[in-house]
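To keep things clear, I will list the structure first and then write my remarks on it.
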Amino acid sequence: MTEAQSKRVKRKIIEIDDELCTGCGNCVVSCAEGALKIIDGKARVINEVFCDGLGACIGECPEGALKIIEREALEFNEEEVEKYLESIKQETISEVHQCGCPSAQTIVFEENLAEEMPSGESYSALRQWPIQMHLINPSAPYFKNADVLLTADCVAYALGGYHSEFLRGKSIAIACPKLDQGRERYIEKIRMWIDDAKINTLTVMMMEVPCCTGLLALAKDAANQARRKVPIKYIIVGIKGEILKEEWL
């Protein structure tokens, strides 16, 4: 049954308050049916047939912007949901294997060692390219059996010792849980790290601002979908560059 063929019935469905919504993306990650997406900085129900009206996303919103209402809407369609989620998975796999962009070319670097650098000089601990989550191949050799660092975009700018204290010896991907589109693909890539690349550990580094919590939510969702289990640590960085919290899940 397509959306055009779906019947309109009076039922429960999610409503989003635009004034309260900050676009953090927590609700998007918690919606197992993929009914929500961040569009122009706000959460939106992209297709009524994907929303089951049960409200699993409500508790994840830090601003109270979501609620369940009863109104006329297209019927929930589990078959359409399954097709949509499968299409996301296939698009992710296709993106990984077919991207011909030079920016996505897999490159492994020799790691710079601090003890080999002249005194007082900084060094890069980056071991790979690319690093942006949309561009990385989760099956790339530098992710195999690796300790992986999933970092919010702003962390490395705020944290002075990022390379020497946190990045050294790890493979990396960076993402912005508020501004990036295609969070569903991020979840699938993290799952592929766990199941296919068989990573050892996953560390999620994020800023103290509310929208950054969406990055940890992505990792949790992927871990719940994965067959394997890996230790996951999260680190919260203050806007002045201090470590506010460091804890294993």
Side-chain angles (χ1 to χ4, degrees), residues 22-26 29 38 41 101-138 140-143 146-183 185-187 189-190 193-194 197 199-220 222-223 230-249:
T22 63
C24 71
N26 287 2
V29 178
I38 302 300
C101 173
S103 299
Q105 181 181 355
T106 298
I107 303 174
V108 181
F109 304 145
E110 289 188 13
E111 186 175 4
N112 294 318
L113 300 178
E115 55 267 25
E116 297 175 356
M117 300 296 292
S119 178
E121 289 192 20
S122 59
Y123 74 99
S124 172
L126 187 65
R127 307 190 306 168
Q128 68 184 75
W129 189 264
I131 61 174
Q132 211 287 327
M133 195 65 176
H134 272 302
L135 298 177
I136 64 104
N137 180 346
Y142 44 76
F143 287 121
D147 295 308
V148 176
L149 191 61
L150 176 59
T151 307
D153 289 354
C154 299
V155 167
Y157 295 96
L159 192 59
Y162 178 76
H163 278 256
S164 60
E165 296 175 32
F166 297 97
L167 180 56
R168 184 175 181 181
K170 293 183 175 66
S171 298
I172 182 180
I174 64 171
C176 178
K178 179 176 176 65
L179 300 178
D180 291 358
Q181 299 297 316
R183 290 170 177 79
R185 296 186 185 185
Y186 285 0
I187 293 171
K189 287 190 176 186
I190 298 170
W193 278 342
I194 298 171
I199 63 173
N200 291 324
T201 63
L202 176 62
T203 300
V204 181
M205 295 191 72
M206 52 196 175
M207 300 300 296
E208 64 175 313
V209 294
C211 58
C212 245
T213 60
L215 197 61
L216 182 59
L218 288 169
K220 287 180 178 179
V230 298
I232 298 178
K233 178 194 286 187
Y234 69 96
I235 300 172
I236 299 176
V237 180
I239 58 175
K240 293 184 178 180
E242 71 276 31
I243 301 298
L244 300 180
K245 190 172 186 179
E246 184 170 348
E247 193 170 290
W248 291 95
L249 291 179

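Position 1 is the first residue of the sequence, and the numbers go up from there. No experiment lies behind these values; they were computed from the predicted model shown.
Looking at heavy atoms from C-beta onward, Lys178 lies out of side-chain contact with Ile38 at the 4.5 angstrom threshold. Side-chain contact between Val237 and Phe166 is absent, with no heavy atoms from C-beta onward closer than 4.5 Å. Looking only at side-chain heavy atoms (C-beta outward), Phe143 and Asn137 stay at 4.5 Å or farther from each other. With a 4.5 Å cut-off on side-chain heavy atoms, Val148 and Thr203 do not count as touching. For the pair Met133/Leu150, a side-chain contact is recorded, criterion being any heavy-atom separation below 4.5 Å from C-beta on.
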Worksheet item: When you look at Ile243 and Leu159, which way does the side-chain contact (heavy atoms from CB on, under 4.5 Å) test go after all the steps?
Response: CA-CA 8 Å; Ile243 301 298; Leu159 192 59; 4.0 Å; yes
Fill in: side chain to side chain donor-acceptor pair (under 3.5 Å) between Asp147 and Ser171, worked out
CA-CA 6 Å; Asp147 295 308; Ser171 298; over 6 Å; no
Item to complete: Just do the salt bridge (Lys or Arg N to Asp or Glu O under 4.0 Å) check on Lys233 and Glu246 with the steps written out, would you?
Response: CA-CA 7 Å; Lys233 178 194 286 187; Glu246 184 170 348; 3.1 Å; yes
Practice prompt. Begin with the C-alpha distance, continue with both residues' side-chain angles, and end with the deciding distance and a verdict on side-chain contact (heavy atoms from CB on, under 4.5 Å) for Ile232 and Thr201.
Written response: CA-CA 6 Å; Ile232 298 178; Thr201 63; over 6 Å; no
Practice prompt. Apply side-chain contact (heavy atoms from CB on, under 4.5 Å) to the pair Tyr234 and Met205, showing each step before the final yes or no.
Written response: CA-CA 6 Å; Tyr234 69 96; Met205 295 191 72; over 6 Å; no
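Rounding to the nearest 0.5 Å gives a distance of 13.0 Å between CD1 of Ile187 and NZ of Lys220. Interatomic distance, CD1 of Ile236 versus CE of Met207, reported as 10.5 Å (0.5 Å rounding). With rounding to the nearest 0.5 Å, the separation of CD in Glu208 from NZ in Lys240 is 9.5 Å. The CG atom of Asn200 sits 12.0 Å away from the CD1 atom of Ile194 when rounded to the nearest 0.5 Å. Residue Lys170 holds its NZ atom at 9.5 Å from CZ of Arg127, rounded to the nearest 0.5 Å. How far CH2 of Trp248 is from CD1 of Ile235: 8.5 Å, rounded to the nearest 0.5 Å.
Without hydrogens or angle criteria, Glu242 side chain to Leu244 main chain gives no donor-acceptor distance under 3.5 Å. With hydrogens and angles ignored, the 3.5 Å screen pairs no side-chain donor or acceptor of His163 with any backbone N or O of Ser124. Judged purely by atom type and a 3.5 angstrom limit, Gln128 uses its side chain to pair as donor or acceptor with the backbone of Pro130. Put simply, the side chain of Asp180 never gets that close to the backbone of Ala175: no donor and acceptor are under 3.5 Å apart.
Heavy atoms only, all atoms of each residue included: Cys24 and Pro210 are closest at CB-O, 4.3 Å. Summarising the geometry of Cys212 relative to Pro177, their closest heavy-atom pair is CA-CG, 3.7 Å, with the distance given to 0.1 Å.
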